[in-house]
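What follows is a short report on a single structure.
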Number of protein chains: 4
Amino acid sequence: MLNQVVLIGRLTRDPELRYTPGNGVAVCNFSLAVERPFTNRQGEREADFINIVTWRKQAEQCANHLGKGRLVAVNGRLQMRSYETQDGQTRRVAEVVGESVRFLDWPKNSNKNSGSNYSESGFGNQGSSDNSGSDQFGFGGEEYQVDDDDVPF
Amino acid sequence: MLNQVVLIGRLTRDPELRYTPGNGVAVCNFSLAVERPFTNRQGEREADFINIVTWRKQAEQCANHLGKGRLVAVNGRLQMRSYETQDGQTRRVAEVVGESVRFLDWPKNSNKNSGSNYSESGFGNQGSSDNSGSDQFGFGGEEYQVDDDDVPF
Amino acid sequence: MLNQVVLIGRLTRDPELRYTPGNGVAVCNFSLAVERPFTNRQGEREADFINIVTWRKQAEQCANHLGKGRLVAVNGRLQMRSYETQDGQTRRVAEVVGESVRFLDWPKNSNKNSGSNYSESGFGNQGSSDNSGSDQFGFGGEEYQVDDDDVPF
Amino acid sequence: MLNQVVLIGRLTRDPELRYTPGNGVAVCNFSLAVERPFTNRQGEREADFINIVTWRKQAEQCANHLGKGRLVAVNGRLQMRSYETQDGQTRRVAEVVGESVRFLDWPKNSNKNSGSNYSESGFGNQGSSDNSGSDQFGFGGEEYQVDDDDVPF
DNA sequence: TTTT
DNA sequence: TTTT
């Protein structure tokens, strides 16, 4: 009935832009490293790596202007999406459908967001997708162990 | 850096209460059916099934007072948790760590939330966990197909 | 840049439905009692009384289906609106512009939400507005003018 | 029952740090300019000016590290606070009680957040408060009294 | 001025 | 696999 998510984090890689085969609707996927609000037992600050998907005009804006390391705020809803593995299994993956993505910093390298050479950024995106199969999204689940190390703060 | 989630939905089954092996910290898991804000191409309203985990006193309150079908509001943060499958693979599963869980309706069957016979409710929870291994949490991902049917509204 | 609010609370009175003078856009105002997550020094649970405004179709749905005491979830954005007092001062008042309003309970009195006799419910709302000048909004406001310029998007 | 706010915006002036008279609890007030997600009829992007209050350690961190123009994300709850005007009227003002405040940029002027000369930054804050009576909060407020009874939990 |  |  209500499903609201707000995240602030950094892109773990360049965004990927694709189009739906039928209607050619733009869809952009990226992963966000969102730091946890506490440190673990070793005093390290961990992060959650959360998949974001945006659609249409916003998808293209993200693909054109964002890159690995950029800081963004995303608000949207949390969704579980099903898909088939190569061997025919059904898997479910969590992702945040980004209704809005705000850019919170600007790249040091100023050839981004210049409005002129997006193709370069586009190349970067496609290049990066060579070694970034969706399998690295890495959500899955068989066994579920309750552990003291999972206790927060 | 910021990670805020608010969900309203109904429990898809009775909550499961466990304790961490070391410190005996209470942890409660349940799954929430959260209806999407639109209908699909067949005019049906789909839902996302989202795993919730709560800790300590709140875990026990949920286990004692909630049951399948109950309506709750959860606010917390979205987390990706890793675990090992039986064959040694690492899987990651999304879950919302519930900082607060508000009860938004009361069961028709008034023997819940009576403050007297929680043990009965406790039995129900334990009984339900017999045939509900954690493997049913089951979100995972290898392949990622872009599809027109995934385009929202 | 980002402005997200989620509230759950009860209507402190029946909603008020009006229309903008120029374009006749429906606008519905009500006030929500939102309990604080803690008790005060006297052990009492206080509430914040927060003004909500919704527009268009949602405004009419709220006016038709809601009444004093009803439990709702509102998500929207926090806005400061200016208005003139009778003696010409400018005042600013906070309100939440409700993008969505979910109904979380149903009235005991089942003649609401029956889908058949909304006109009756409508009468009730209008009747209640007779003695409910906007001054009762309790934020030091005097007159609450509905204006076409306030209609969002 | 539930009251969650997330804002991203820029400080409209330096934060003000004070201490409650009884227990000496630190409290920091500032105002955030939060841009609206649309432009008005004249094509201008307006902003809402929203009062933020934080307590204890976070209050001091804000006072030490933040200044006018800085970009922050605030999450907290929306609260209506009463106060007395000089002529004895009761006024109510909206403010967001910031549970967490994340700093989203760093000042160009690098003598902030250096960890060494916070006293200078402190002077700046006090100096700025000379000409920043609370009346500029723009909600018709006259005097803003810090009170021990307002300290949360 | 306020809801359950 | 799923809630109303």
Side-chain angles (χ1 to χ4, degrees), chain A residues 1-3 80 82 89-92 141-142, chain B residues 7-16 29-36 39 44-52 66-74 102-109 113 128-140, chain C residues 7-16 29-36 39 44-52 66-74 93 102-109 113 128 131-142 144, chain D residues 1-3 80 82 89-92:
Chain A
M1 294 183 84
L2 188 146
N3 187 332
M80 298 298 173
S82 300
Q89 285 185 289
T90 287
R91 291 272 173 81
R92 315 199 83 215
E142 254 89 342
Chain B
L7 302 172
I8 296 181
R10 292 186 183 278
L11 295 238
T12 62
R13 51 190 166 80
D14 287 341
E16 251 180 272
N29 293 278
F30 55 89
S31 168
L32 221 55
V34 181
E35 290 185 350
R36 296 191 174 171
T39 54
E44 309 152 335
R45 183 166 301 272
E46 295 181 69
D48 289 293
F49 299 93
I50 299 175
N51 300 305
I52 313 293
L66 293 178
K68 179 179 178 178
R70 291 290 307 281
L71 184 69
V72 298
V74 175
R102 324 292 162 120
F103 306 164
L104 297 178
D105 61 2
W106 293 113
K108 324 105 229 309
N109 179 336
N113 86 287
S128 78
S129 67
D130 291 1
N131 61 343
S132 66
S134 310
D135 52 319
Q136 69 176 350
F137 275 65
F139 313 114
Chain C
L7 303 172
I8 296 181
R10 291 185 184 278
L11 295 238
T12 63
R13 51 189 166 78
D14 287 341
E16 251 180 273
N29 293 277
F30 54 89
S31 168
L32 221 56
V34 181
E35 291 184 350
R36 295 191 174 171
T39 54
E44 309 152 335
R45 183 166 301 273
E46 296 181 68
D48 289 293
F49 299 93
I50 299 174
N51 300 305
I52 313 292
L66 293 178
K68 179 178 177 177
R70 293 288 308 281
L71 183 69
V72 298
V74 174
V93 54
R102 322 297 159 120
F103 306 163
L104 296 178
D105 62 2
W106 292 113
K108 321 107 226 310
N109 178 335
N113 86 286
S128 78
N131 62 341
S132 68
S134 310
D135 52 319
Q136 70 175 354
F137 274 64
F139 33 71
E142 255 84 341
Y144 191 107
Chain D
M1 294 182 85
L2 188 146
N3 186 332
M80 299 297 172
S82 299
Q89 286 186 287
T90 288
R91 290 271 173 79
R92 314 202 84 217

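Every chain is numbered from 1, with letters handed out A, B, ... down the list of sequences.
Atom CD in Glu16(B) sits about 18 Å away from atom P in dT2(F), given to the nearest Å. The NZ-C1' distance, from Lys68(C) to dT2(E), rounds to 8 Å in whole Å. A straight line from CZ of Arg45(C) to P of dT4(E) spans 16 Å, rounded to a whole angstrom. Atom CZ of Phe103(B) is separated from atom P of dT4(F) by 17 Å (rounded to the nearest Å). When the C1' atom of dT4(F) is taken as reference, atom CD1 of Ile8(B) falls 14 Å away, rounded to whole Å. Rounded to whole Å, the distance from CZ on Phe49(B) to P on dT4(F) is 11 Å. The interatomic distance linking Asp105(C) (CG) with dT4(F) (P) rounds to 18 Å, in whole Å. In this structure, Asn29(B) atom CG and dT1(F) atom P are separated by 20 Å, rounded to whole Å.
Using a distance-only test at 3.5 Å, with no hydrogens or angles considered, a donor-acceptor pair links the side chain of Asp14(B) to the main chain of Lys68(B). Within the 3.5 Å criterion, the main-chain N or O of Asp105(C) finds a donor-acceptor partner in the side chain of Arg70(C).
Qualifying salt bridge (charged side-chain N to carboxylate O under 4.0 Å, His left out) partners for Arg36(C), counting only residues two or more places apart in sequence or in other chains: Asp48(C).
The nucleotide whose nearest atom lies closest to any side-chain atom of Arg10(C) is, among dT3(F), dT3(E), dT2(E), dT3(E). Picking from dT3(F), dT2(F), dT3(E) the nucleotide with the shortest atom distance to the side chain of Ala33(C) gives dT3(E). Side chain of Glu35(B), nearest nucleotide from dT3(E), dT3(F), dT2(E): dT3(F).
In summary, the side chains of Arg92(D) and Ser82(D) do present a donor paired with an acceptor at a separation below 3.5 Å, with no hydrogens or angles considered.
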